[in-house]
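From a predicted model like this one, the values you see are computed outputs, not experimental measurements.
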Amino acid sequence: MDFAHGRLRRYGSAQMALWLFGKMPECSVLPNEFTFATVINACSILAHLRTGKKIHALVELLGFQSNLVVCSSLVDMYGKCNDVDHARRVFDLMGCRNVVSWTSIIAAYAQNAQGDEALQLFREFNRLMLERPNHFMLASVVNACASLGRLVSGKVAHGAVIRGGYDSNDVIASALLDMYAKCGCVEYSDKVFRRIRNPSVIPYTSMIVAAAKYGLGRMSLQLFQEMIDRRIKPNDVTFVGVLHACSHSGLVDEGLQQLESMHEKHGITPTAKHYTCLVDMLGRTGRLNEAYELAKSIEAEPNQEALLWGTLLSASRLHGRVDIAVEASRRLIDSNQQVVGAYVTLSNAYALNGEWETAHDLRSEMRRTGVRKEPGCSWVEVKDSSYVFYAGDVSSCARGNEVVTLLRELEGKMKQRGYVGGSRGLVFVDVEEEAKEGIVGLHSERLALGFALVSIPKGVTIRIMKNLRMCRDCHEAFKLISDIVEREFVVRDVNRFHHFKSGSCTCRDFW
DNA sequence: AGGCTACATA
């Protein structure tokens, strides 16, 4: 039954291709450039770096290292195996490149969280003016804009899509709607989505996930119903989206029902990732015991397991369940996964519970063992450039003095409205969100907001991206500031979107 | 002649 899945079929064929390739020497048949391009593609599908490298060596041995198509497939293979450096090395050594080779390297960067490099290469490709970008390339470029949250660059790419006549392409439309959602413009996503004549499962899933991330759980469920009515078969990813939507909107019963129907009505067996959504759902709404029991009963691969216990850990922290937090972090640390996050979240859970000593001990242990945390940062896009802000770091903050003055001024006004930010407890609890302690007033998103307020004209929605979760205190502050300055802000954090307007947030404080 | 490049999850 599972083999009805396109992805699995593809996977099986790739395995078969490699198996046959292994049989070639026995039959004394030498591979040519067509053989190589095909088997390297099989390695991409399977993400088998070791096999890919062996074949790469064979390519050089048999003298195909300057073949355009073979090299393009090598670039793609290294990219899909998350070895961008090797992809780049092959690309740089190519004597002749075409739009496919350029697409492969751009996709490699876009898919490996190096969107800036992808956009850089796209600009370079356009400057050379050898060929026009095609829909393959544009999809990757749009994808890069999505992960970077670069709305302006994304709109420019959308322009290129329209000029190239690709806007009715299903894949491109999916990429575009995803990009608009990830840039904080879910209304544009909806517009793009509604223009797709016969959306397949992927645009539907993208739209379901997009709505979920904005806390529009009902909209996600409506879209899901709509696709069922149109006889479009949902897949495992669709259900992750649906469950995610229920979770982010507090629709627990609905979520449980969906999980049941998943197997019964749609023939898709729930896997660890679906149960993780359920753990999240129960955890968020404070049903920690049920979440914990469920988590213990799930068998998963290491990656999925880390996700599962990480989810439970966050929920335990949120609801001050130190006992479960200890258990969840122990599992993560023992399996050597998400170690940093586990330490920090656990220490915060202790702090929230008033166990300051233990919390501090954990922090010292981290320092002693050299476990270091990536600093929190936020960024905003102004006129096609992106500005980055780090917590408490005024020296590298664009228009720093102006920004700090404005933030202090706003804090004064907030206090008149009853705001009590930066209390001792909050400062400590929020250290997970930012690397430096005791500077809650200068969390990276605040610097970003201050900068945006002095650089983006009134009436234009401010969009801020953050690499961590937004903290409660900043969330309160942003609500008040939206009212004081009469402006709208959208904040994209690692988890979801917050849309601040007239003193409140679309998440209604549930996230 | 053929082979290589694109979109949704956590």
(request) Measure up the A:H266 and A:F224 rings against each other and bin them: parallel (under 30°), tilted (30 to 60°), perpendicular (over 60°). (result) perpendicular
(request) Choose from B:dA8, B:dT5, B:dT9 the nucleotide whose nearest atom is closest to any side-chain atom of A:K273. (result) B:dT9
(message) Could you tell me how far apart A:H244 (NE2) and B:dA10 (C1') are, to the nearest whole angstrom?
(response) 8 Å
(message) Can you tell me which nucleotide in B:dC4, B:dT9, B:dG3 comes closest to the side chain of A:S73?
(response) B:dC4
(message) Would you say A:S247 and A:D280 are linked by a side-chain donor-acceptor pair, where the criterion is simply a distance under 3.5 Å?
(response) yes
(request) Choose from B:dA6, B:dG3, B:dC7 the nucleotide whose nearest atom is closest to any side-chain atom of A:A175. (result) B:dC7
(request) Determine: side-chain N/O of A:Q111 to OP1/OP2 of B:dA6, distance under 4.0 Å, yes or no. (result) yes
(message) I want to verify a distance call: between B:dC7, B:dA8, B:dA10, whose nearest atom is closest to the A:V237 side chain?
(response) B:dA8
(request) Would you classify A:T205 as touching base, sugar-phosphate or nothing, given that sugar-phosphate means primed atoms plus P, OP1 and OP2, and contacts are heavy atoms under 4.0 Å? (result) base
(request) Report the nucleotide, chosen from B:dA6, B:dC4, B:dA8, that has the shortest atom-to-atom distance to any side-chain atom of A:V100. (result) B:dC4
(message) Rounded to whole Å, how long is the line connecting atom NZ of A:K182 with atom P of B:dT9?
(response) 4 Å
(request) Describe the nucleic acid contact of A:V69 in one word from base, sugar-phosphate, nothing, applying a heavy-atom distance below 4.0 Å. (result) base
(message) The side chain of A:I202 is closest to which nucleotide in this list: B:dA8, B:dC4, B:dA6?
(response) B:dA8
(request) Confirm from the modelled atom types if A:N235 and B:dA8 form a donor-acceptor pair under 3.5 Å, side chain to base only. (result) yes
(message) Counting the atoms with a prime plus P, OP1 and OP2 as sugar-phosphate, which does A:T276 contact under 4.0 Å by heavy atoms, base, sugar-phosphate, or nothing?
(response) nothing
(request) Output the single nucleotide from B:dC4, B:dT5, B:dC7 whose closest atom is nearest the side chain of A:S72. (result) B:dC4
(message) Does A:R97 qualify as a cation-pi partner of A:F91, given the criterion of NZ or CZ under 6.0 Å from the six-membered ring centre and within 45 degrees of its axis?
(response) yes
(request) Answer with yes or no whether the side chains of A:D178 and A:S206 bring together a donor and an acceptor at under 3.5 Å. (result) no
(request) Calculate the interatomic distance between A:M207 atom CE and B:dT9 atom P; express it in whole Å. (result) 13 Å
(message) Using a 4.0 Å heavy-atom cut-off, does A:N495 contact any base of the nucleic acid, only the sugar-phosphate backbone, or nothing at all?
(response) nothing
(message) Between A:Y188 and A:L176, is there a side-chain heavy-atom distance shorter than 4.5 Å?
(response) no
(message) Looking at the base of B:dC7, is there any donor atom on it, or on the side chain of A:S174, that sits under 3.5 Å from an acceptor on the other one?
(response) yes
(request) For B:dA10, take OP1 and OP2 only and decide whether either is under 4.0 Å from a side-chain N or O of A:K213. (result) yes
(message) Measure CG/A:D178 against P/B:dA10 and give the value in whole Å, please.
(response) 11 Å
(request) Starting at atom CG of A:L121, determine the distance to atom P of B:dT5, rounded to an integer number of angstrom. (result) 18 Å
(request) Please report, rounded to the nearest Å, how far the P atom of B:dG2 is from the CG atom of A:N67. (result) 15 Å
(message) Given the structure, check if the side chain of A:S104 and the base of B:dT5 hold any donor-acceptor pair shorter than 3.5 Å.
(response) no
(request) Could you tell me whether A:Q338 contacts a base, only the sugar-phosphate backbone, or nothing, with contacts defined as non-hydrogen atoms closer than 4.0 Å? (result) nothing
(message) Distance alone, cut at 3.5 Å: any donor-acceptor contact between the side chains of A:Y180 and A:H158?
(response) yes
(message) Whole angstroms only, please: what is the CD1-C1' distance between A:I196 and B:dA8?
(response) 11 Å
(request) In whole angstrom, give the distance that lies between atom CG of A:N143 and atom P of B:dT5. (result) 16 Å
